[in-house]
Amino acid sequence: MEDDTGHRVRNLLENFDVISTYTHMAIVPAGELYQELIQNVKTAVAATSLGLTSLDYTRKAYVENIEPSEEIETSLDKEYTKAYFLAKNYVHEARKRLITSERDLPSMGVFGSSVVLERLESTLFSAHLLYSLGNVYEGHAVSRVMLEQIAWAYQASGLNDREAISKIKPNQAISQLKKFLPKVGKLYGYLSKHTHIDYHRHHEFIKAENNQNVVLLGQDRLDECAMVLLHLADIFVVVWEFSQHDYLNEFTAIDVKDNVVNLLDNRLFSVQMEAIIDNMETIRNKMDSET
C-alpha cells in the first residue's frame, strides 16, 4: 500500500515529457490531457531561465509565439509506450479478478504464490523505468528477477509444506515452469545473457567523439525492451491464473476442466503482443536502412 503522492509520482514516471532550457528542466505528464499544464510549466521554466517576473509577459513573448517544434517522440517510442501499458493493464486486470470471499482458505503454496505475484506489477514498472532511461542491461536484470519470482510462484502453488516451499530455488523453478510454458526457458536464457556486460559487448558502450573514446550511459533498444515486458506480462497472467484458479471465475490464458489446467494457445494477448513486436521490428528495420 502506498500513499497518494507515491502513486502519482509513479504514474508520472510511467510516461512523461521533458521541458527544458539550458539552465532549467522539468518533467510533466505526457499526453493531450495535460496541454494546459504543459503550457504553464513551459512558461514558468522560461521565465525562471530568463530572469523574468511576469508570467503573462513570458507566455506571450516566449511561449505562445514559438513555432511548434518537430515531434521528438519517434514511432518506436510510441510503440514502446503502447507495449508497456498493454503489459501493465493486462497484469493489473488479471489481479483484479481475484475473488477470496466465501471461498475455502488457500493452501500454503497458493497463498505464498499470491503474495509474490501481487507485488510484481511494481517490478514491471521498475524494469520499464530503467528501459525508458536507456539502462537496458539494468532493466534486463530486474526483468530476470521478475521472471524468477513468477517461476517461484508457479512451483510453490502446488505445495503445502513450509520446508519444501522454502527450499525452492530460482533455476529449479524456471526448469519446472518451462515444462508448462516452453518460451520461459528462451526468455530466461536471453535475459541471463544480457544482464551482465560481457567483454565482447563492450563496443556497445563506446563511441569515438573528437578523437576520444566516450562511454555511453544509455542505449536505444526499445524494441528489445518492449518484447521483454510483453512476454513477462503474458507469462505472469498464465501463472497467476494457474496458481489462483480456485479463486477466479474468468480466465484469459488457461482453461480449467475437472481441476486440470491447460494452457490456451490462442490467447488474445499473444496476438496483440505479436502485432506490436512485429510493428516495432518493421520500424527498426526502416530506421536501420536509413542510416
Side-chain angles (χ1 to χ4, degrees), residues 1-3 6-7 10 14 84-128 142-181 183-185 187-188 191 228-264 267-270 273:
M1 196 76 176
E2 59 185 340
D3 61 28
H7 182 71
R10 177 172 297 183
E14 280 186 324
Y84 168 68
F85 280 105
L86 178 65
K88 174 200 170 181
N89 292 335
Y90 188 52
V91 168
H92 185 71
E93 291 302 314
R95 289 179 54 217
K96 283 172 56 178
R97 292 197 297 270
L98 189 72
I99 300 172
T100 57
S101 59
E102 300 182 1
R103 304 280 174 113
D104 293 336
L105 290 176
S107 67
M108 191 174 297
V110 169
F111 179 73
S113 296
S114 70
V115 171
V116 167
L117 294 172
E118 283 274 3
R119 62 172 303 280
L120 290 186
E121 191 172 327
S122 174
T123 308
L124 188 76
F125 161 75
S126 299
H128 158 65
V142 173
S143 293
R144 188 174 72 164
V145 169
M146 180 172 175
L147 185 56
E148 290 174 345
Q149 291 287 283
I150 295 172
W152 186 97
Y154 173 82
Q155 186 171 346
S157 67
L159 303 174
N160 197 28
D161 179 80
R162 183 186 301 272
E163 184 176 355
I165 294 172
S166 68
K167 290 181 178 179
I168 298 175
K169 297 179 180 179
N171 288 342
Q172 178 187 8
I174 291 290
S175 297
Q176 291 295 318
L177 179 54
K178 72 180 184 182
K179 293 177 182 178
F180 181 64
L181 191 57
K183 74 174 183 177
V184 166
L187 180 61
Y188 189 68
L191 292 174
V228 171
L229 294 180
L230 289 167
H231 280 294
L232 282 175
D234 185 38
I235 295 167
F236 172 93
V237 174
V238 168
V239 174
W240 173 257
E241 293 185 356
F242 177 92
S243 64
Q244 309 300 313
H245 67 267
D246 287 335
Y247 303 91
L248 299 169
N249 291 336
E250 180 184 349
F251 303 96
T252 62
I254 65 170
D255 178 56
V256 183
K257 289 184 179 178
D258 299 325
N259 210 35
V260 176
V261 178
N262 294 301
L263 182 67
L264 290 177
R267 302 186 296 281
L268 175 61
F269 183 80
S270 294
M273 172 179 67

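Between Phe269 and Thr252, the closest side-chain pair of non-hydrogen atoms is not below 4.5 Å. No side-chain heavy atom of Leu120 sits less than 4.5 Å from a side-chain heavy atom of Val91. The closest side-chain heavy-atom distance from Leu159 to Ile168 is below 4.5 Å. Considering only heavy atoms from C-beta on, Tyr247 comes within 4.5 Å of Val110 through its side chain. With contacts defined as side-chain heavy-atom distances shorter than 4.5 Å, the pair His245/Val261 qualifies. Lys88 has its side chain out of reach of Phe125: every pair of non-hydrogen atoms, C-beta onward, lies at least 4.5 Å apart.
Salt bridge Arg103/Asp246: absent, no basic N to carboxylate O contact under 4.0 Å. A salt bridge links Glu121 with Arg95; the closest basic N to acidic carboxylate O contact falls under 4.0 Å.
With rounding to the nearest 0.5 angstrom, the CG atom of Leu248 is 12.5 Å from the CZ atom of Phe242. Rounded to the nearest 0.5 Å, atoms CZ (Phe111) and OG (Ser243) are 12.5 Å apart. Note that CG of Leu177 is 7.0 Å distant from CG of Leu147, once rounded to the nearest 0.5 Å. Distance check: Gln149 CD to Ser113 OG gives 10.5 Å after rounding to the nearest 0.5 Å. Remark: Ile174 CD1 to Lys179 NZ distance equals 13.0 Å, nearest 0.5 Å. With rounding to the nearest 0.5 Å, the separation of CD1 in Ile235 from NZ in Lys178 is 12.5 Å.
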Take Trp152 and Lys169, measure what side-chain contact (heavy atoms from CB on, under 4.5 Å) needs, and give me the verdict at the end.
CA-CA 7 Å; Trp152 186 97; Lys169 297 179 180 179; over 6 Å; no

After noting the C-alpha distance and the side-chain angles of Tyr84 and Leu230, does the key distance pass the side-chain contact (heavy atoms from CB on, under 4.5 Å) rule?
CA-CA 7 Å; Tyr84 168 68; Leu230 289 167; over 6 Å; no

Audit row: Phe180, Leu263, side-chain contact (heavy atoms from CB on, under 4.5 Å) steps and yes/no:
CA-CA 8 Å; Phe180 181 64; Leu263 182 67; 4.1 Å; yes

Apply side-chain contact (heavy atoms from CB on, under 4.5 Å) to residues Val239 and Leu181 and explain how you reach the verdict.
CA-CA 9 Å; Val239 174; Leu181 191 57; 5.7 Å; no

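Heavy atoms of other residues, nucleotides or ligands lying less than 6.0 angstrom from NZ of Lys183 number more than 12.
Residues that satisfy the side chain to side chain contact (heavy atoms under 4.5 Å, CB included) test with Asn262, not counting sequence neighbours, are Val260. With sequence neighbours excluded, the residues that form a salt bridge (charged side-chain N to carboxylate O under 4.0 Å, His left out) with Arg97 are Glu241.
The minimum heavy-atom distance between Leu229 and Ala127, with the atom names listed, is CD2-CB, 4.1 Å. Across all non-hydrogen atoms, the minimal contact from Ala253 to Tyr90 is CB-OH, 4.1 Å. Gln176 and Tyr154 make their closest contact through O-CE2, 3.7 Å (heavy atoms, listed as atom of the first residue, atom of the second, distance). Residues Val142 and Ser126 approach most closely at CG1-CB, 4.2 Å, considering heavy atoms. Across Met108 and Asn160, no two heavy atoms sit closer than the pair N-OD1, 2.7 Å.
Between the side chains of Asn171 and Tyr188, at least one donor N or O sits under 3.5 Å from an acceptor N or O.
Ring planes of Phe236 and Trp240: parallel class, angle under 30° (limits at 30 and 60°).
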